[in-house]
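Residue numbers count from 1 along this sequence.
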Amino acid sequence: MKKPALLRAAIGALYPELARDPDRLAMWVEQGSVRATGTSQRGFAWEYQLTVVAEDFTREPEGLFFVVVDWLRSQQPDVIQPNAPGFPFEVDVLGDTTFDVKMTLPLREIVTATAVGEGGWQLAVVPEQVPLFPDAEPLRDGSGPITSLWARANDGVPVKVAPIEAD
């Protein structure tokens, strides 16, 4: 399973405090199933629900959701297509600025199997094929994870939202 580690890296690039303290960013797989074709192609697909929990998150939750949705654009684009059901979430409001955020992401990975030698197999996870979205050009070139978020204050001045630089 490659996608959980890829998502953890994407979140950690924007929120280094979650990368430094991995106990605050828990992930686990539930309700997994393996699907195979029963043909001579011996590969399979596994589909699963990835539960992601950011504990004691001290930023606005929309920034976290933005990172996840942006990651889904390249890693599981069918989840964010028009008319797709999306993904469920829960937010526990612990205080004025502290939240526990839980998301459940429906993910799929395809594994190919290629015969090698006498009875051996080489397994490989196939990268997601990213369709072009009909509504817009890509937000960025996709060369790496998002590393900052900016917003405009009421006076129109840009304000860096994440990551917050240490004083």
**OP:** Please report the shortest heavy-atom distance between Asp56 and Arg24, naming the atom on each side.
**Re:** O-NH2, 2.7 Å
Subject >> For Ala113 against Gly43, the heavy-atom pair lying closest together >> reply: CB-N, 3.8 Å
Original post:
So Phe99 and Glu55, side-chain contact (heavy atoms from CB on, under 4.5 Å) or not? Walk me through it.
Top reply: CA-CA 7 Å; Phe99 309 92; Glu55 294 180 344; over 6 Å; no
Subject >> Between CG on residue Leu94 and OG1 on residue Thr58, distance to nearest 0.5 Å >> reply: 11.0 Å
Original post:
From Gln75 CD over to Ile80 CD1, what is the distance, rounded to the nearest 0.5 angstrom?
Top reply: 11.0 Å
Using distance only, find each side-chain donor-acceptor pair of residues 5-12 under 3.5 Å and give its atom names and separation, not counting sequence neighbours.
residue: Arg8; atom: NH1; partner: Leu25; partner atom: O; Å: 2.8
residue: Arg8; atom: NH2; partner: Leu25; partner atom: O; Å: 2.9

Original post:
Do Thr51 and Glu30 get their side chains close enough for a donor-acceptor pair, meaning under 3.5 Å?
Top reply: yes
Subject >> Within residues 32-44 or reaching into it, pairs that qualify as salt bridge (Lys or Arg N to Asp or Glu O under 4.0 Å) - sequence neighbours excluded >> reply: Arg35-Glu47
Subject >> salt bridge (Lys or Arg N to Asp or Glu O under 4.0 Å) contacts touching residues 78-104 (sequence neighbours left out) >> reply: Asp78-Arg108
Original post:
Are Glu109 and Phe44 close enough, and set up right, to give a side-chain contact (heavy atoms from CB on, under 4.5 Å), and what steps lead you there?
Top reply: CA-CA 9 Å; Glu109 295 185 54; Phe44 58 91; over 6 Å; no
Subject >> Sequence neighbours excluded, every pair satisfying ring pair (Phe, Tyr, Trp, His ring centres under 6.0 Å) that has a member inside residues 75-95 >> reply: Phe65-Phe89
Original post:
Which pairs, with at least one residue in residues 8-31 and sequence neighbours excluded, count as a ring pair (Phe, Tyr, Trp, His ring centres under 6.0 Å)?
Top reply: Tyr15-Phe57
Does any non-hydrogen side-chain atom of [Y] lie less than 4.5 Å from one of [X]?
{"X": "Val79", "Y": "Pro106", "value": "yes"}
{"X": "Ile110", "Y": "Val125", "value": "no"}
{"X": "Val29", "Y": "Gln49", "value": "no"}
{"X": "Val52", "Y": "Leu105", "value": "yes"}
{"X": "Tyr48", "Y": "Pro4", "value": "yes"}

Original post:
Is the side chain of Thr98 donor-acceptor paired with the backbone N or O of Gly95 at a distance under 3.5 Å, no angle test?
Top reply: no
Original post:
Side-chain heavy atoms under 4.5 angstrom apart, residues restricted to Ile, Leu, Val, Met, Phe, Trp, Tyr: same cluster for Val91 and Val53?
Top reply: no
Original post:
Mind checking whether Leu50 and Val69 sit in one hydrophobic cluster, side chains of I, L, V, M, F, W, Y counted as touching below 4.5 Å?
Top reply: yes
**OP:** Test side-chain contact (heavy atoms from CB on, under 4.5 Å) on Leu107 and Leu72 and set out the steps.
**Re:** CA-CA 9 Å; Leu107 300 179; Leu72 287 167; 4.2 Å; yes
**OP:** Take Arg59 and Leu64 through the test side-chain contact (heavy atoms from CB on, under 4.5 Å) and record every step on the way to the result.
**Re:** CA-CA 8 Å; Arg59 310 286 186 88; Leu64 184 59; over 6 Å; no
Please table the atom pairs, donor to acceptor, closer than 3.5 Å between any side-chain atom in residues 115-123 and protein atoms at least two apart or in another chain.
none

